[in-house]
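Notes follow once the structure below has been shown.
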Amino acid sequence: MTKVLVLHSVSLVRSALAALLRSEGSFEVTSAGWRAAARQAESLRPDVTVVDLDCPGTTAVLADGGRAYHQALASPSTVLVLASTDAPGQLHRAFRAEARGYVDKDGSPGRLVRAVRKVAAGERFIDASLASAFMEADPVPLSPRELSVLTRAAEGDSIAEIARTLHLASGTVRNYMAAATRKTGARNLIDAIRISRRAGWV
């Protein structure tokens, strides 16, 4: 039995996705919101974790190259993302975090089921409709750590909170913020967040 964890910020959507996968009969499915993501992953040890790139909480799974989430697992699960063709930057971020499956949200439910099976078997799955979006994605100029800091700043965390969460000194956090601002060509941190969001990096 393939264990699947569905993470989504909207209860109705995650329940619908879980019901779809359960209807196939070969999946043991659990769904959860973002606050419970790491705890559920550690408890369940899922074979596949399904996340929606449009959900703000996805940054917690993909941040810092995916290490923050995977550290909660003795045996890391494999991430499968639901994506749109109009967000190449988000696809690039998911690729950097080593997501193994990419399903077009405008595709058929059967594509998601097939993708879960492929990823659970250790294979990569990429919807053909997303291939061109991958090609259009601009290279991310920020390092994984700079992205992680910027992502948490975008979510409203203070320097002290970011430092505590990422186990860094406050001065180091400020240095990463300054580097991210410089590399994005922004005027200040707020501008760097705006530019990065528009590009789909955070």
Applying side-chain contact (heavy atoms from CB on, under 4.5 Å), name anything that partners [X], two or more places apart in sequence or on another chain.
| X | answer |
| --- | --- |
| Ala192 | Leu150, Thr181, Thr184, Ala186 |
| Arg187 | Asp191 |
| Ser143 | Arg145, Glu146 |
| Ser15 | Ser11 |

Mind listing the closest non-hydrogen atom pair of [X] and [Y] along with its distance?
| X | Y | answer |
| --- | --- | --- |
| Gly33 | Leu7 | O-CD2, 4.2 Å |
| Asp47 | Met1 | OD2-O, 4.0 Å |
| Leu189 | Ala153 | CD2-CB, 4.4 Å |

Measure the shortest side-chain to side-chain distance between [X] and [Y] over non-hydrogen atoms and say whether it is less than 4.5 angstrom.
| X | Y | answer |
| --- | --- | --- |
| Asp54 | Lys105 | yes |
| Leu21 | Val116 | yes |
| Thr2 | Pro46 | no |
| Val6 | Val29 | yes |
| Val4 | Thr30 | no |

Report the residues that fulfil salt bridge (charged side-chain N to carboxylate O under 4.0 Å, His left out) with [X], sequence neighbours left out, ordered by chain and then residue number.
| X | answer |
| --- | --- |
| Glu28 | none |
| Glu123 | Lys118 |
| Arg14 | none |

For the atom pair [atom1] ([X]) and [atom2] ([Y]), what is the distance rounded to the nearest 0.5 Å?
| X | Y | atom1 | atom2 | answer |
| --- | --- | --- | --- | --- |
| Arg124 | Leu80 | CZ | CG | 11.0 Å |
| Ile159 | Leu168 | CD1 | CG | 12.0 Å |
| Ser196 | Leu147 | OG | CG | 7.0 Å |
| Leu53 | Tyr102 | CG | OH | 8.5 Å |
| Leu112 | Phe125 | CG | CZ | 9.0 Å |
| Asp106 | Leu82 | CG | CG | 11.0 Å |

Partner residues of [X] under the side chain to side chain donor-acceptor pair (under 3.5 Å) criterion, sequence neighbours left out:
| X | value |
| --- | --- |
| Asp127 | Arg111 |
| Lys3 | none |
| Ser129 | Asp104 |
| Arg100 | none |

### Task
Indicate, with yes or no, if Val10 and Val50 share a hydrophobic cluster defined by side-chain heavy-atom contacts under 4.5 Å among Ile, Leu, Val, Met, Phe, Trp and Tyr.
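Yes; tracing contacts between hydrophobic side chains, which count when under 4.5 Å, links both residues.
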
### Message
Using modelled atom types and a 3.5 Å cut-off, is there a donor and acceptor pairing between side-chain atoms of Glu161 and backbone atoms of Ser158?
### Response
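Pair found, side chain donor or acceptor close to backbone of Ser158.
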
